[in-house]
2 protein chains.
Amino acid sequence: MTDQADGQAPGRRPTMVDVARAAGVSLKTVSRVANEVPTVRTDLAERVRAAMSELGFQRNNVAANLRSGRTTATIGLIIRDLANPFYSTIAAAAATVAERFDTQLITASSGWDPARERELVLDLFERRVDGLIVVPTGGDQSYLRTELDRGTPAVFIDSPPSGCRADTALLDNRTGTRDLLRRLLAEGHRDIGMITDTLNDYTMSERLAGAREALVEAGIDGGRHAARLYSDNPRSAGDAVAAMLDAPDPPSALFCGNNRILLGAVEELARRRARLRLAAFDDFEFAPLLPHPVTVVGYDTRALGRLAAEMLFQRLNSPGAEPSNYVIPTYLVDRGMELTGD
Amino acid sequence: MTDQADGQAPGRRPTMVDVARAAGVSLKTVSRVANEVPTVRTDLAERVRAAMSELGFQRNNVAANLRSGRTTATIGLIIRDLANPFYSTIAAAAATVAERFDTQLITASSGWDPARERELVLDLFERRVDGLIVVPTGGDQSYLRTELDRGTPAVFIDSPPSGCRADTALLDNRTGTRDLLRRLLAEGHRDIGMITDTLNDYTMSERLAGAREALVEAGIDGGRHAARLYSDNPRSAGDAVAAMLDAPDPPSALFCGNNRILLGAVEELARRRARLRLAAFDDFEFAPLLPHPVTVVGYDTRALGRLAAEMLFQRLNSPGAEPSNYVIPTYLVDRGMELTGD
DNA sequence: CCCAGGTAAGACAACGTTGTCCCCAGTACA
DNA sequence: TGTACTGGGGACAACGTTGTCTTACCTGGG
């Protein structure tokens, strides 16, 4: 075994120097060919390309990025849980936009942990991502300010940041819930139970605020069943429904703050073979199959992810403008199946 | 404005050189502090750390990786569609394992396109990912051989590769379907309709093979309704069910090759208020709410993703062994609700 | 025939970090 | 007091690529 480029030596990757030697040209010419610089003589370029495929050369983008100081063609996405369809849909939409810009997406889950979120952000900056899309966990995002000042763009999605100014792409939680409650009220319902998980969360408090707007409009300030709080476990949502129904003054309609809560409610109603005017935030793929009619607030999750990614790339290409704030609209849609009649 | 490190000059990031100057130590000492080398005098380390946070220093991992030649702490995952819960669950599980190894995950969707898959693989190798997890699209993966020979590990998940040898993590499609069909046969069903999408796919042909095993065992070689092929659109699966039911010899039981097909079948049955012995591959979150009883083949998708990632990291830490092949077991479970009786 | 002008290729340095080596100061021991 | 040793810090080179500058060559016109 000599130290000549063998092409088969395991572990050792051919570099541009190896290609240059094999093709009998200078390193720089190889670089030019790799970057498709047009001022390379055709025969040389051909020889270089031959040597490249002969040796199985692959450009080391780590080195190229370091030297050129240009973009790494990588953006980071920090969500709460990739296994949750809402977040994975956002990730998929963002990746589709990134693909248009020949950019890869590093997706990381913070798991609702502010400390973890921060760690992830710093890790991604050390990897020199070109930009960041973040679903904030509710903690403080002021740790981002230094990096934002240095020109790395960040877009917040689903919830706004606190402690720094940046682009945001949000759902119209408030209007959606207001419209939904208006509908229930227009149907004559006066006693509406509301089940949410937590109020410390931006999303849920916006939804409740929208609900309150509608209730206040109708002259009802909260209602006896308003804003009962439970965990985000469908089972405990079912328990909450049971408690409401077993109370001496059961509500005639029920608003579920998200689709997990709705599931728990539907299961409980199905178990009791009870019926109620059911309404919820979040549409989802299997909602049409629910064994109970329900009016849900729908929205285009893909559009949300797409919007955030497009805002990010726009800012990458034209930095400096003031942060902007886009909102994805919501709509009402009837789901579930009426299975009682025959 | 001087050219002194200002800490506020936008666009210019402080480097170790800047930190060294600010702390009055050598570049190398800064490097040692950043890497937590213990042989640095406490007072110097303290000064360096102070300068780091003063300047807002973040190590450039691109440069560190280039120089050290060590891992990039990044692995690639190529799936078919991140918006599909099956794949996003795999991605989430893989990311959880990666987190244990302080590694980030670049997830990219091939969209069932072999050419795109190949592009993505090459792009990820140019980024020098430490390893790759791939759900192959069914094309040829021999383009991976060079890189595998160089020692970059790859694990195939859900389907085996063709054209190269590598670790695989698969579902036990064959046994699962065989057990499911055995159950239908044991219940006395002799005429079982089977709806699949395509047979060019490894997964579906394994499932059909398992079904055939059970049928042959029972002395039925295929059956009149076996292996009718339709697209993966739930609507067209519904049409297929309609055609079977309207035929002069309707089956008494129906096997759906995946959960999308099952959805189409359930919708069609609900529309007709018809009932059938229903069975399918794939469990899913909302299966318990289906308005028709169904026995499904379940499996632990997270375990599949976890397994693949663990195989990858094991190979990263001990390369050279023969490729291994793990299979995730399946089980039968009854889903859906019986809504007829009252 | 010489020189200007342009084009293509190469030499060299640099990106920001880490690996290697060396040196210097401090200590222990003869 | 001199020598051997050790611990800690710094100088320098290197990772693989690209930016800049220079050089060599070729063409065409005076």
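Just the heavy atoms: all of them, side chains too, but no hydrogens, waters or symmetry mates, feed the values below. Here is the naming used below: chain letters follow the sequence lines, and residue numbers restart at 1 for every chain.
For the segment residues 57-65 of chain B, the set of residues with a heavy atom within less than 4.0 Å of an atom of DNA chain D is empty. A heavy atom lying under 4.0 Å from DNA chain D marks the following residues of residues 30-45 of chain A, by number: A/Ser31, A/Asn35.
For the atom pair CG of B/Asp18 and CE of B/Met16, the computed distance is 11.5 Å after rounding to the nearest 0.5 Å. The structure places CE of B/Met311 at 6.0 Å from OG1 of B/Thr168, a figure rounded to the nearest 0.5 Å. Between A/Leu170 atom CG and A/Thr203 atom OG1 the span is 8.5 Å, to the nearest 0.5 Å.
Distance, A/Arg21 CZ to D/dT17 P: 13 Å, rounded to whole Å. In this structure, A/Arg47 atom CZ and C/dA8 atom P are separated by 16 Å, rounded to whole Å. Taking atom CG of residue B/Leu66 and atom P of nucleotide C/dA14, one finds them 17 Å apart after rounding to whole Å. Spacing between atom CZ of B/Arg67 and atom P of C/dT17 amounts to 13 Å, rounded to whole angstrom units. Per the geometry, CZ belonging to B/Arg128 stands 14 Å off P belonging to D/dC15, to the nearest Å. For B/Arg127 and D/dT17, the CZ to P distance is 16 Å, given to the nearest whole Å. Rounding to whole angstrom units, CZ of residue B/Arg13 and P of C/dT17 are separated by 11 Å. To the nearest angstrom, C1' of D/dG16 lies 15 Å from CG of A/Leu55.
Taking each heavy atom of A/Leu82 and B/Ala91 in turn, the nearest pair found is CD2-CB, 3.5 Å. Pairing each heavy atom of A/Leu27 with each of A/Val17, the nearest pair is CD1-N, 4.0 Å.
In summary, the side chains of B/Gln104 and B/Thr74 do not present any donor paired with an acceptor at a separation below 3.5 Å, with no hydrogens or angles considered. For the residue pair B/Asn317 and B/Arg315, no side-chain donor N or O sits within less than 3.5 Å of a side-chain acceptor on the partner.
The number of heavy-atom neighbours closer than 6.0 Å to CD of B/Glu310, taken from other residues, nucleotides and ligands shown, is above 12.
Considering only side-chain atoms of B/Lys28, the nucleotide from D/dG16, C/dA9, C/dT18 that sits closest is C/dT18. Checking C/dT18, D/dT18, D/dA11 against every side-chain atom of B/Ser26, the shortest atom distance belongs to D/dA11.
Taking for each of A/Thr15 and B/Val25 the nucleotide of DNA chain D with the nearest heavy atom, the 5'-most of the two is the partner of B/Val25.
Not one side-chain nitrogen or oxygen of A/Arg70 sits closer than 4.0 Å to the OP1 or OP2 atom of D/dT17.
Using a cut-off of 4.0 Å between Lys/Arg side-chain N and Asp/Glu carboxylate O, B/Arg80 and B/Asp201 are scored as salt-bridged.
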